[in-house]
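Structure record follows, encoded as structure tokens.
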2 protein chains.
Amino acid sequence: MNGRFSIAIHIMTLLCADDNLQSSDYLAGSININPVLVRKELSNLLKHGLINSQLGKNGGYSLAKPAKEITIASIYKAVKPNAILGQAKNEPNPACPIGKQINSHLKALDADIEQVMVNKLGNTTLAEFYKRFD
Amino acid sequence: MNGRFSIAIHIMTLLCADDNLQSSDYLAGSININPVLVRKELSNLLKHGLINSQLGKNGGYSLAKPAKEITIASIYKAVKPNAILGQAKNEPNPACPIGKQINSHLKALDADIEQVMVNKLGNTTLAEFYKRFD
DNA sequence: TGTACTGTAATAATTTTTATTACACATAAA
DNA sequence: TTTATGTGTAATAAAAATTATTACAGTACA
């Protein structure tokens, strides 16, 4: 996994902390990454219905619903990678009985893992996560 | 996560499939990656006590113990990344109340996730995983 | 009608991953 | 005892992925 979950939850926490519209530049300043990257992730969160945006002057971003109705799992799902356990770039040797089948078995393992992860992350809401800050 | 878990479990499955010593070149041929990368991962698995190696002519690698005593979790632990959920490359803004604390809360989330993952992967042995191949 | 935003494309820089080359060292077998 | 075949590891190069930057069209408030 790359830094996307970290960026997404940082964004969501900042929006949770203040109901006013926040600009991508402000968010980028807290996360300390390029504003364009933030806008890309905001665009993704928007697509997943987690946030709202407002165009034009004094525009910005806000949560699409109350923080207690947003689970960490839903944020994770918005940015989740193809494979939690990672995947080979090269195709294994199809002439090898193990190589031929390993990917499908790995994929099954991955699905199991994703399920327990999402279960766990589904137990916490953004509101609860935010309460941990002091 | 990169391709390391995929490589490690592929290696372990191949060693499980045949008790004879296997060379890094043979393993690399099934995985379809460079033999040096395989030897690096073998070196790591060796360090974690999961395999044995034999130097010299006709040398190679074999499992360090019966496959039913090796869990998938122990293989995962040998290659696990710093953060399952990923981590930012840049330090968040220390002047921001959220930015200042986000990393420690993320780290806690990560620890929770790792625990449920390891629990889940601990339920399956290499022997059971290997049985799924036909 | 200017100003301050979002939204997105194109491109460059950086970092990470993977591949390759090279070679010291070990041991079985001819 | 010499040769062949393997491990172990360092150094370097190539490729791929991630992050940063520049640029600008479009929107809406004042």
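First the proteins, then the strands, lettered A, B, ... as listed; each starts at 1. This one's a predicted model, so the numbers in the text were calculated from it and none came from an experiment.
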* Structure fact -> To the nearest 0.5 Å, atom CD1 of I70(B) lies from atom NZ of K65(B) at 6.0 Å
* Structure fact -> Between the NZ atom in K77(B) and the CD atom in E114(B), the distance rounded to the nearest 0.5 Å is 8.5 Å
* Pick the nucleotide of DNA chain D nearest each of D25(B) and A88(B); which residue has the one closer to the 5' end? ->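 The residue mapped nearer the 5' terminus is D25(B).
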* Structure fact -> Assign each of R39(A) and Q22(B) the nucleotide of DNA chain D bearing its closest heavy atom; nearer the 5' end lies the nucleotide of Q22(B)
* To do: Look at the rings of Y76(B) and F5(B) and say which category their plane angle falls in: under 30° parallel, 30 to 60° tilted, over 60° perpendicular.
  =>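 Y76(B) vs F5(B) ring planes: perpendicular.
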So, is [X] close to the [N] phosphate, meaning a side-chain N or O under 4.0 Å from OP1 or OP2?
X: Y26(B); N: dT5(D); answer: no
X: S43(B); N: dT7(D); answer: no
X: S24(B); N: dG6(D); answer: no

* Asked: Do you see a donor-acceptor pair shorter than 3.5 Å between the side chains of N44(A) and E41(A)?
  -> yes
Backbone N or O of [Y] within a donor-acceptor pair of the [X] side chain at under 3.5 Å?
X: Q87(A); Y: L85(A); answer: no
X: T124(B); Y: L121(B); answer: no
X: D110(B); Y: A83(B); answer: no
X: Q101(B); Y: G99(B); answer: no

Using a heavy-atom cut-off of under 4.0 Å over every strand shown, decide if [X] touches base, sugar-phosphate, or nothing.
X: I33(B); result: sugar-phosphate
X: N90(B); result: sugar-phosphate
X: L46(B); result: sugar-phosphate
X: L42(A); result: nothing

[X] [atom1] - [N] [atom2] separation (whole Å):
X: E41(A); N: dT19(D); atom1: CD; atom2: C1'; answer: 13 Å
X: Q87(A); N: dT18(C); atom1: CD; atom2: P; answer: 11 Å
X: L21(A); N: dC5(C); atom1: CG; atom2: C1'; answer: 10 Å
X: L27(A); N: dC5(C); atom1: CG; atom2: P; answer: 12 Å
X: L37(B); N: dG8(D); atom1: CG; atom2: C1'; answer: 14 Å
X: N34(A); N: dT14(C); atom1: CG; atom2: C1'; answer: 13 Å
X: N20(A); N: dC5(C); atom1: CG; atom2: P; answer: 13 Å
X: I31(A); N: dA20(D); atom1: CD1; atom2: C1'; answer: 14 Å

Enumerate all atom pairs, one protein N or O and one N or O from nucleotides 28-30 of chain C, separated by less than 3.5 Å.
from    : atom 1 : to     : atom 2 : distance (Å)
dA28(C) : O3'    : N58(B) : ND2    : 3.3

* **Flag side-chain contact, heavy atom, 4.5 Å: S62(A) against D19(A)** =>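 When only atoms from C-beta onward are counted, D19(A) and S62(A) do not touch, as no gap falls below 4.5 Å.
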Side chains of residues 28-40 of chain B: which donor-acceptor pairs under 3.5 Å do they make with residues two or more places apart or in other chains?
from   : atom 1 : to     : atom 2 : distance (Å)
S30(B) : OG     : H10(B) : NE2    : 2.8
N32(B) : ND2    : E91(A) : O      : 2.8
N34(B) : OD1    : V36(B) : N      : 3.0
R39(B) : NH1    : S24(B) : OG     : 3.2

* For residues 100-107 of chain A, which residues have at least one heavy atom under 4.0 Å from DNA chain C? -> none
* Nearest listed nucleotide, side chain of V36(B), among dA17(D), dT20(C), dT7(D) -> dT20(C)
